[in-house]
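Reading through the structure tokens given below for one structure.
Not measured: the values here are computed from a predicted model. Convention: sequence-line order gives letters A, B, ...; per-chain numbering from 1.
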2 protein chains.
Amino acid sequence: MKSTPESTADRILDLAQNLIQTRGYSWFSYQDISTALGIRKASIHYHFASKAALGIAVLDRYVAHFGGELRKIAADPKHTARKMLEFYFEPYLHFARTPDQVCLCGALAGEMLALPPEMREGVDRFFRAHQKWLADILKRGAARGEFTLAAPPAKTARLFFGALQGALLVKRTTGDPAEMRDVVEAIRAQLDAKARG
Amino acid sequence: MKSTPESTADRILDLAQNLIQTRGYSWFSYQDISTALGIRKASIHYHFASKAALGIAVLDRYVAHFGGELRKIAADPKHTARKMLEFYFEPYLHFARTPDQVCLCGALAGEMLALPPEMREGVDRFFRAHQKWLADILKRGAARGEFTLAAPPAKTARLFFGALQGALLVKRTTGDPAEMRDVVEAIRAQLDAKARG
DNA sequence: GTCTATACAAAGATAGAC
DNA sequence: GTCTATCTTTGTATAGAC
């Protein structure tokens, strides 16, 4: 696919993203990147004037990428709401299979007070966008009779989104790969539970 | 109640805990405590030889405190399972009313790789204990006909625990105090949903 | 674009006086 | 128990040569 050799700037971005997802923003340094890429710290400053600039660039790319994915999934008329949800689960299940990696914004949320303002806003937008997307899908699925919702779509979306992000946090600690699988299965079960009242 | 004047060591512990819950372990320094308490950095080292020792002391106290609370709640035969759950929600709702505070272990989980081994183990034990406690309560409530579970107790416990921890993470970012309230309401609704299949 | 060299601040920690 | 003074390391960042 992408056979274009990556520029140094891109390699820095990739590495920085990975480091943030595994260690956190405040816990990676130019030195880490310098070592991994075999160039000097000063050279990184040539591409990204400050750590804040680098962080913002990583976050913007991530937010744009997932924003596009969500739009694509929701726009495809072939998909059932359930299928869309399954697409949504995928990155979470992927992260859950790695020992330390979490969602970039989940990692950043844990250190909000240490982030430059632009990054805080980016994380905030990401969270709101995902909760809204989930709420829309749940509403759609309920309207089609695919799902049974025990609570209004917006609240259920918050429950599920929190659970997915929370599961990443927990699995990083306990190291149990079943954590995320169980959460996803529990979500499916909640939605399949038929007829209440 | 507790009119005993706090020792310096206790005041350091209290302050350190609060700082970890609002900023994170790697983001508080002896200098912060020094300034707040009006003593020098070196004096803190007299009470806690290292930052790791201080962190471990804070965590042990926290884990012991909540461990005791959970045991007390679960042991009281007067309580319904639903009432026990409501007790469990309380600290989360409390944290959610503050702008930046989260569960101590939730904060620490976000920076596992930066923690001394003893702290990692403490967080791990905390998470496992809470998930097990929740699973027990859910099982008990289901057996008594108080709850309807769409998934097995252990998986449902992971869903709910993740959602509560995740909601703290999200509310710290979005600043929306309704985040936790919505999640708690959604959990209640899931459990109240009657008769499936 | 990458390098060497360096500035500057903040952190955790220790020694020893009081 | 608390202080002053100091050490050591690490981090971000800049200047200027190549």
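Comparing the end axes of the helix from C/dG1-D/dC18 to C/dC18-D/dG1, each fitted to five base pairs by superposing C1' atoms of four pairs onto the next four, gives an inter-axis angle of 0° (nearest 10 degrees).
Going from atom CG of B/Leu37 over to atom P of D/dG1 covers 14 Å, rounded to whole Å. Atoms CZ (B/Phe48) and P (C/dT14) sit 16 Å apart, rounded to a whole Å.
Every residue two or more places apart in sequence or in another chain that forms a side-chain hydrogen bond (donor to acceptor under 3.5 Å, both in side chains) with A/Glu185 is listed here: B/Lys155. With sequence neighbours left out, the ring-ring contact (aromatic ring centres under 6.0 Å, His included) criterion links A/His79 to A/Phe87. In this structure, the ring-ring contact (aromatic ring centres under 6.0 Å, His included) partners of B/Trp133, at least two apart in sequence or on a different chain, are B/Tyr88. For A/Phe147, there are no ring-ring contact (aromatic ring centres under 6.0 Å, His included) partners, not counting sequence neighbours. Qualifying ring-ring contact (aromatic ring centres under 6.0 Å, His included) partners for A/Phe126, counting only residues two or more places apart in sequence or in other chains: A/Tyr62, A/His130. Residues meeting the salt bridge (charged side-chain N to carboxylate O under 4.0 Å, His left out) test with B/Glu179, sequence neighbours left out: A/Arg158.
Between B/Tyr46 and D/dT2 there is no side-chain polar atom (N or O) within less than 4.0 angstrom of OP1 or OP2.
Each side-chain hydrogen bond (donor to acceptor under 3.5 Å, both in side chains) pair with one or both residues in residues 38-61 of chain A, not counting sequence neighbours, appears once here: A/Asp14-A/Arg61, A/Gln17-A/Arg61.
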Could you run down nucleotides 4-18 of chain D 5' to 3' and tag each one B, S or - for protein heavy-atom contact under 4.0 Å?
-> B------SBBBB---
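Under the 4.0 Å criterion applied to side-chain N and carboxylate O atoms, B/Arg23 and B/Asp32 are assigned as salt-bridge partners.
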